[in-house]
Participant: 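My structure is below; once you've seen it, I'll send some questions.
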Amino acid sequence: MREAVLAVCVVSAAKCLIGQMAGGTKMKGQLRFMLDMLLAIVLVTPFAEGIVHFELPEVSSYELTDDYAADLRNRALAEEAAENISGVLMQQITAAGIGCEKVSAEVNISEDGSISISKVWVTAEDIGAAAEIIRNSLGEETEVVNESSENTGEAAGE
């Protein structure tokens with residue numbers, strides 16, 4: 001960049017000096033045109049060199065590792081499974097005649113690919129009956145938390 005600025009300054013100074021020396025001669029117009037062209041070339045050259053030497057980065061340096069791709073896949077699978085399980089549990093609870101506002105499940109995927117539901121948050125009219133339905137569906141070891149009393153840390157059906 002420094003060389004480009006220096007070249008522009010030199011060409012501009014030369015243009016000014018030659019213009020002053022040429023005075024009122026017949027070739028002044030042709031000389032001015034040639035110096036303007038030289039100045040344009042000096043201005044365009046750094047940009048042209050930048051375009052010629054432009055290279056795209058290697059794609060291989062941006063490829064995802066297998067661990068990262070597997071982690072992304074597992075997270076997406078866990079989110080989708082949690083949504084599906086929550087929907088099914090909501091249907092079961094409302095089918096039993098219990099008013100239920102919200103069900104959300106915590107889904108974990110182990111390294112061997114097995115899915116486990118360790119905790120379920122529920123907001124329902126009869127939390128004990130809802131907890132019983134959830135434990136009958138997912139297993140007795142599933143922790144069911146009353147979401148409306150989550151601040152107190154109270155678990156449902158205990």
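For the single chain, residues carry numbers from 1 onward in sequence order.
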Participant: If every non-hydrogen atom of Ser86 is compared with every non-hydrogen atom of Ala105, which pair is closest and at what distance?
Facilitator: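 Looking at all heavy atoms of both residues, the shortest contact is OG-N, 3.1 Å.
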Participant: Is there side-chain contact between Leu39 and Met37, with at least one heavy-atom pair below 4.5 Å?
Facilitator: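 No - every pair of side-chain heavy atoms lies 4.5 Å or more apart.
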Participant: Ignoring hydrogens, what is the shortest heavy-atom contact between Asn108 and Glu106? Give both atom names and the distance.
Facilitator: ND2-OE2, 3.9 Å
Participant: If I compare all heavy atoms of Val144 with all of Arg135, which pair ends up nearest, and what's the gap?
Facilitator: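 Where Val144 meets Arg135 most closely, the heavy atoms are N-NH2, 3.7 Å.
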Participant: Decide whether Glu143 and Ser118 meet the rule of one side-chain donor and one side-chain acceptor closer than 3.5 Å.
Facilitator: no
Participant: For Ile117 and Thr142, work out which heavy atoms get closest and say how close.
Facilitator: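 Answer, listing the atom of Ile117 first, then Thr142: O-OG1, 3.9 Å.
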Participant: Starting at OG1 of Thr123, measure out to CD1 of Ile93 and round the result to the nearest 0.5 Å.
Facilitator: 10.0 Å
Participant: What distance separates Glu140 CD from Glu132 CD, expressed to the nearest 0.5 Å?
Facilitator: 8.5 Å
Participant: Does a side-chain heavy-atom distance below 4.5 Å link Asn146 with Val122?
Facilitator: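 Sidechains of Val122 and Asn146: no contact.
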Participant: Side chains of Leu77 and Val107, heavy atoms from C-beta outward: is any pair under 4.5 Å?
Facilitator: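 Answer no - side chains too far apart.
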Participant: Are Ser137 and Gln92 side-chain neighbours, meaning at least one heavy-atom pair lies under 4.5 Å?
Facilitator: yes
Participant: CD1 of Ile85 to CD1 of Ile134: how many Å apart, nearest 0.5 Å?
Facilitator: 11.5 Å
Participant: For residues Val88 and Met90: do they belong to one hydrophobic cluster (side chain heavy atoms under 4.5 Å, members Ile, Leu, Val, Met, Phe, Trp, Tyr)?
Facilitator: no
Participant: Are Val10 and Met34 grouped together when hydrophobic residues (ILVMFWY) are joined by side-chain heavy atoms under 4.5 angstrom apart?
Facilitator: no
Participant: Rounded to the nearest 0.5 Å, what's the gap from CG on Asn74 to CD1 on Ile109? Could you check?
Facilitator: 5.0 Å
